[in-house]
Amino acid sequence: MSDTKTSPQPADAADSPGSSDGSDRTDNSFLVDAEAVERLSTAPVESDGPVGMGVIGWARWVWRQLTSMRVALLLLFLLSLAAIPGSLIPQDGPDQMKVATWKSAHKGITPLFERLELFNVYSSFWFSAIYILLFVSLAGCIVPRTWQFVGVLRAQPPAAPRNLTRMPVYAAWHSDADPDAVHAAAHRLLKKRGFRASADGGSIAAEKGYLREVGNLLFHFSLFALLIGVAWAGLASGTASKLVLEGQGYSNTTTQIDDFYGSYGYTVDDLDAFGFKLDGFTARYQESGPQVGTARQFTANVRYWVGDDATKLKKSTIEVNHPLEIGGSKVYLIGHGYAPVVTVKNAKNEIVYRGPTPFLPRDANMTSPGVIKVNDYGTDANGTKTQLAFQGFFLPTAPENFEKTGPRSVFPAAADPMLVLTAYAGDLRTDSGLPQNVYQLDDKAMTQLKVGDDIARARLKVGEGWQLPDGYGTITFDGYQQWATFTVSHRPGNSIALAGAVAAILGLIGSLFVQRRRIWVRATTGPDGRTLVEMAGLGRSESTRTAEELAELAVELQGDAPATDEEPAPADPTGNDADDDAPTAADSPAAAAPTAPETKE
């Protein structure tokens, strides 16, 4: 066998080898056949302009544009761009403190951001518009593609074109086998290799690679499911946060929640009934090497209950990225710190305050600023009702020399704890009715205590006390407790979104790596009485795999249709007169008969 010459053909011609009904084509049979192209792809046909006249025509055109692939990709790109402000700008709900801090630092641009809803990006009108348009675009794309693909599966593979030599991959040889026997053997061989094969018009037509379109549709369905999951999570989710001290507990009720961020479908009335007690917190850090101070373990040891019966406790642990699942909620460990325990006595040596006060860390070494507020101090030496406040730092591992480092911890573990304080007296304004941050000091009605002209300060280690100036009593540093912050999250759509993302990756892999291809086998009896066996292949995309697969099939088929050793004078395998595009005698597939047929691309 020798290679035949092939006329140049446009790229789309590879997708349309012949009529789907198997009828003879003219000499221009290699040109684009729109029906055959659609058979290889389920992509919707796009229109260049409005169809028809008036409103209905424009509506059809707008719908076709909205459901086109390029518009869907554009909307997906716009959605990713629209999510950027939500990552850079603090959002209302999850962290109101960050929002308030950001607004106070950018007072000039804050009104503009509020009008653009940049503090509520994911519920803004413009983000919702992009989201809904993408949702509609995917829905309008999936339905027709699925219907069309079902039609492709129900139909038979397209019949062989009249002139197989025009196919990009071709092989031929002469054999003494009967044409019907060759067709039967080819049909069995193609079915064995997983092709959908049918006999029609004196040839065998086979097609394979439907997983490509399955993967394409799976990708679209997965994106649709991903959007549904995210939308559901946004409409029916909520988060609550709580700081819990060692030895204390938490009940998932409105009275014990520090912050709550709900949604349209999830309010405080929908909170799951459960609670837990923090028995202890374990924190372990790298103690040497270049990564000294790096966290190695954060574990909260808890006992929890489900429902209203707090006596039926179950032990568990909560670690970073390993939440505790209770009902439809997950309890995440998101932070920890220290709470110095102090005892405050007034001038009469009466205890007016005793207990732990959480201080919030501000660096990796757990340097923790905080405020201790004594609301029930009583009266001062002049008989005036007053309140005390202590502002300062808790240092888990205090430095040896404050002159070089200032009040900074040098290691996150409590190796050498110290409490650094200054004192205030006056009115804390906690009775004003205005909301107040418990971790910050409102000193507008407070006076900082001094010793002479210097501000009164104290550096206390565990067990040490400080005699306050002006006869305000004493404060003693009794020790410390650890605390942990938890987020209770209820997000019902996360599993759907995750499944959609995984399925989208699988579908994308299938659509990229599976090749849609067709194989045709034709056996005809020539004027010399021998059988001319022709095989041709066509791939959806350019790939050497089609040529390799055709060569393997040809070699296997020769077991039932062995090639003859000698060839007669060449003849036109179609039985028609040769035209200008037909192969010459030297190029005819009947010019030689090798034992293993060659292929061309």
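Model, not experiment: these values are computed from the prediction. Side chains included, hydrogens not; waters and symmetry mates left out as well; all remaining heavy atoms used.
With sequence neighbours excluded, the residues satisfying side chain to side chain contact (heavy atoms under 4.5 Å, CB included) with L138 are L134, H220, L223, F224, L227. Partners of S237 according to the side chain to side chain donor-acceptor pair (under 3.5 Å) rule, which considers only residues two or more places apart in sequence or in another chain, do not exist here. In this structure, V62 has no side chain to side chain contact (heavy atoms under 4.5 Å, CB included) partners at least two apart in sequence or on a different chain. Contacts of I509 classified as side chain to side chain contact (heavy atoms under 4.5 Å, CB included), with partners at least two apart in sequence or in another chain: I505, F513. Partners of L508 by side chain to side chain contact (heavy atoms under 4.5 Å, CB included), not counting sequence neighbours, listed by chain and number: F219, S511, L512.
Taking the six-membered ring for Trp and thresholds of 30 and 60 degrees, H490 and Y266 have nearly parallel ring planes, at less than 30 degrees apart. Ring geometry for F486 against F276 counts as perpendicular: the plane angle is over 60°, on a 0 to 90° scale with 30° as the lower cut.
Other residues, nucleotides and ligands contribute only 12 or fewer heavy atoms inside 6.0 Å of the CZ atom of R154.
Of the possible polar contacts, one joining the R522 side chain to the P161 backbone as a donor-acceptor pair under 3.5 Å is found. Looking only at distances, no side-chain donor or acceptor of R145 sits under 3.5 Å from a matching main-chain atom of E213. With W520 contributing its side chain and P158 its backbone, the two residues share a donor-acceptor pair below 3.5 Å.
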Cut-off 3.5 Å, no hydrogens considered: what does the side-chain donor-acceptor table look like for residues 320-329, sequence neighbours left out?
residue, atom, partner, partner atom, Å
H322, ND1, V320, O, 3.1
S329, OG, D272, OD2, 2.5

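When only modelled atom types and interatomic distance are considered, Q65 and R70 share a side-chain donor-acceptor pair under 3.5 Å.
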